[in-house]
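Below: the structure, in structure tokens.
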Number of protein chains: 2
Amino acid sequence: MKIGELAKLTDCSVQTIRYYEKEQLMKSPERSEGNFRLYNKSSLKQLMFIKQCRTLDLTLSEIRQLLELQSSPSIQCNSVNKMIDSHIQQVEQRIKELNSLKEQLNYLSNTCSNNGTIEQCGILQKLTSDVAKNV
Amino acid sequence: MKIGELAKLTDCSVQTIRYYEKEQLMKSPERSEGNFRLYNKSSLKQLMFIKQCRTLDLTLSEIRQLLELQSSPSIQCNSVNKMIDSHIQQVEQRIKELNSLKEQLNYLSNTCSNNGTIEQCGILQKLTSDVAKNV
DNA sequence: GTTGACTCTATAGTTACTATAGACTTTATA
DNA sequence: TATAAAGTCTATAGTAACTATAGAGTCAAC
Ligand SMILES: [Zn+2]
Ligand SMILES: [Zn+2]
Ligand SMILES: [Zn+2]
Ligand SMILES: [Zn+2]
């Protein structure tokens, strides 16, 4: 199949597929006589694996590592574990941050009566006075 | 004060301050005879305001809008409100996403006994079989 | 008068794409 | 068969918000 079909099947953009190839996440496929990329089922699997990893927010570099590991099936897998666990921690950390952010934003939002002028706006006043506090 | 002192006071990097100036978030300060930037208390306030907004994850473009609004104190403030409320929604959305991500990652993590080989690794198997499922 | 710390501008790199431009190939239609 | 449309090719630049570097100039102290 040509790149456009692969793109549709995987819900990736054509450019993204070419990008993954350039970044060595996808093997360079064969080419047709007219120099078009030709993919097969194995390419499809490869790309779906990458996509799956991306939905888990693994970086391209981490995915590259996983792909490398897969090519040495008899070594220990604890590095895979470490990677996933460190991700979980990062995600947890980010959730904490965002929850605190949400609180702050809600607090700010409540200080605005929503029918006054910029000058009277509690949000801007709060943003400015927090500044003063911090200095 | 010179840029290094401002950087220390605000816990920003020198490059970031210059970057904010280039991006028109900070006014271009006066210069010394030797062409060094010279800042005052007002610059300090400005930068702290920006920093405060950044900790709330406002984009530089949004901060620029806020700064512009502040210079017309008598217009309505509802646009400020809209901006903040739309942020809150985005943050909530992201928290949801991350929670679901965390679940998936935890599930993956549990499928690894942590003392086998790559070939036996439940994580990689799961990542690959999820792929198959999606196709 | 020279060392060292600081500053200056301009430029490139980061991440994971996305969006062009300009040329070529293939498919569909008249 | 001619041509138009759709798809593909490479190469390059843009995105956000910085960060890092090179190479040169400034300033204070010893
Ligand atoms: Zn990671
Ligand atoms: Zn308001
Ligand atoms: Zn926003
Ligand atoms: Zn494992």
Side-chain angles (χ1 to χ4, degrees), chain A residues 1-26 28-40 43 46-67 83 86-87 90-91 94 97 101, chain B residues 1-26 28-40 43 46-67 83 86-87 90-91 94 97 101:
Chain A
M1 74 186 103
K2 283 183 284 179
I3 198 167
E5 196 183 340
L6 182 63
K8 252 180 216 157
L9 283 176
T10 55
D11 200 31
C12 279
S13 79
V14 165
Q15 295 105 299
T16 298
I17 298 174
R18 292 200 276 244
Y19 174 70
Y20 287 162
E21 182 184 337
K22 206 180 105 201
E23 292 296 312
Q24 317 234 35
L25 288 158
M26 298 275 291
S28 298
E30 294 179 19
R31 299 291 183 118
S32 72
E33 229 173 286
N35 200 33
F36 286 9
R37 288 171 178 82
L38 295 178
Y39 296 97
N40 53 28
S43 331
Q46 238 181 94
L47 185 49
M48 292 302 289
F49 179 84
I50 296 170
K51 254 215 119 184
Q52 180 69 15
C53 291
R54 288 295 297 138
T55 69
L56 296 173
D57 261 3
L58 295 173
T59 63
L60 297 193
S61 150
E62 286 165 333
I63 298 172
R64 215 179 281 115
Q65 286 169 53
L66 286 181
L67 291 169
M83 186 184 292
S86 116
H87 257 288
Q90 281 171 40
V91 170
R94 187 66 187 144
E97 284 169 17
L101 195 57
Chain B
M1 72 187 103
K2 282 183 287 181
I3 197 166
E5 195 181 343
L6 182 63
K8 249 180 220 158
L9 283 176
T10 55
D11 201 31
C12 279
S13 78
V14 166
Q15 296 105 298
T16 297
I17 297 174
R18 291 199 277 244
Y19 174 69
Y20 287 163
E21 182 184 338
K22 206 179 105 204
E23 293 296 309
Q24 317 236 34
L25 288 158
M26 297 274 294
S28 298
E30 292 180 22
R31 299 290 185 119
S32 73
E33 228 172 287
N35 201 33
F36 286 10
R37 288 171 178 82
L38 296 177
Y39 295 98
N40 52 29
S43 332
Q46 239 179 96
L47 184 50
M48 294 301 291
F49 178 85
I50 295 170
K51 254 214 118 185
Q52 178 70 14
C53 292
R54 288 296 297 138
T55 69
L56 296 173
D57 261 5
L58 295 172
T59 63
L60 297 193
S61 149
E62 288 166 330
I63 297 172
R64 215 178 282 114
Q65 286 169 51
L66 286 180
L67 291 168
M83 184 183 296
S86 116
H87 257 288
Q90 280 171 44
V91 169
R94 187 66 185 142
E97 284 168 16
L101 195 57

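Here is the naming used below: chain letters follow the sequence lines, and residue numbers restart at 1 for every chain. What you see below is based on every heavy atom in this structure, not just the backbone, and it leaves out hydrogens, waters and symmetry mates.
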### Query
Taking for each residue the nucleotide of DNA chain D with the nearest heavy atom, is it B/E33 or A/K8 whose nucleotide lies nearer the 5' end?
A/K8
#### Entry: Of the listed nucleotides C/dT20, C/dC17, D/dC9, the one nearest the side chain of A/N35
D/dC9
### Task
For B/I50 and D/dA17, give me the distance from atom CD1 to atom C1', rounded to whole Å.
13 Å
### Query
Do A/E62 and A/C53 come within less than 4.5 Å of each other through their side chains, counting heavy atoms only?
no
#### Entry: Distance, nearest 0.5 Å, that separates OG1 of B/T16 from CZ of B/R54
10.0 Å
#### Entry: Intermediate values then yes/no, side-chain contact (heavy atoms from CB on, under 4.5 Å), B/R64 and B/T59
CA-CA 9 Å; B/R64 215 178 282 114; B/T59 63; over 6 Å; no
### Message
Judged by each residue's nearest nucleotide on DNA chain D, which is more toward the 5′ side, B/L60 or B/G34?
### Response
B/L60
### Query
Atom NZ of A/K22 to atom P of D/dA11: distance rounded to whole Å?
10 Å
### Summary
Rounded to whole Å, the CG-P distance (B/L6 to C/dT7) equals 10 Å
### Task
Ignoring backbone atoms, test whether B/R37 places a side-chain nitrogen or oxygen under 4.0 Å from the OP1 or OP2 oxygen of C/dT9.
yes
### Nucleotide nearest A/K2 when distance is taken to its side chain, options C/dT27, C/dT9, D/dC18
C/dT27
### Query
Nearest-Å distance, CD (A/Q15) to P (D/dC9)?
11 Å
#### Entry: Length of the line joining A/Y19:OH and D/dA11:P, which is rounded to integer Å
16 Å
### Under-4.0 Å side-chain N/O to phosphate OP1/OP2 contact, B/R18 with C/dC8
yes
### Query
Is the distance from OP1 or OP2 of D/dA16 to the nearest side-chain N or O of B/T59 less than 4.0 Å?
no
### Message
OP1 or OP2 of C/dT9 versus the side-chain N and O atoms of B/R31: is any pair under 4.0 Å?
### Response
yes
### Task
Using whole Å, report how far CD of B/E21 lies from P of C/dC8.
9 Å
#### Entry: B/E5/B/K2 salt bridge by N-O under 4.0 Å criterion
no
### Query
What integer distance in Å separates B/D57:CG from D/dA17:C1'?
12 Å
### Task
For A/L101 and B/D57, run side-chain contact (heavy atoms from CB on, under 4.5 Å): C-alpha distance rounded to whole Å, both residues' side-chain angles, the deciding distance at 0.1 Å, then the answer.
CA-CA 8 Å; A/L101 195 57; B/D57 261 5; 3.8 Å; yes
### Query
Quick one: is C/dA16 close enough that its OP1 or OP2 comes under 4.0 Å of any side-chain N or O from A/Y20?
no
## Note on the structure
Per atom distances to the B/F36 side chain, the nearest of D/dC9, C/dT26, C/dC8 is C/dC8
### Query
With respect to the phosphate group of C/dC17, does any side-chain polar atom (N or O) of A/S13 fall under 4.0 Å of OP1 or OP2?
no
### Message
Can you measure A/I63 atom CD1 to C/dA16 atom C1' for me and round it to whole angstrom units?
### Response
10 Å
### Message
Checking contacts here: which listed nucleotide (C/dC8, C/dC17, D/dC27) is nearest the side-chain heavy atoms of B/S32?
### Response
D/dC27
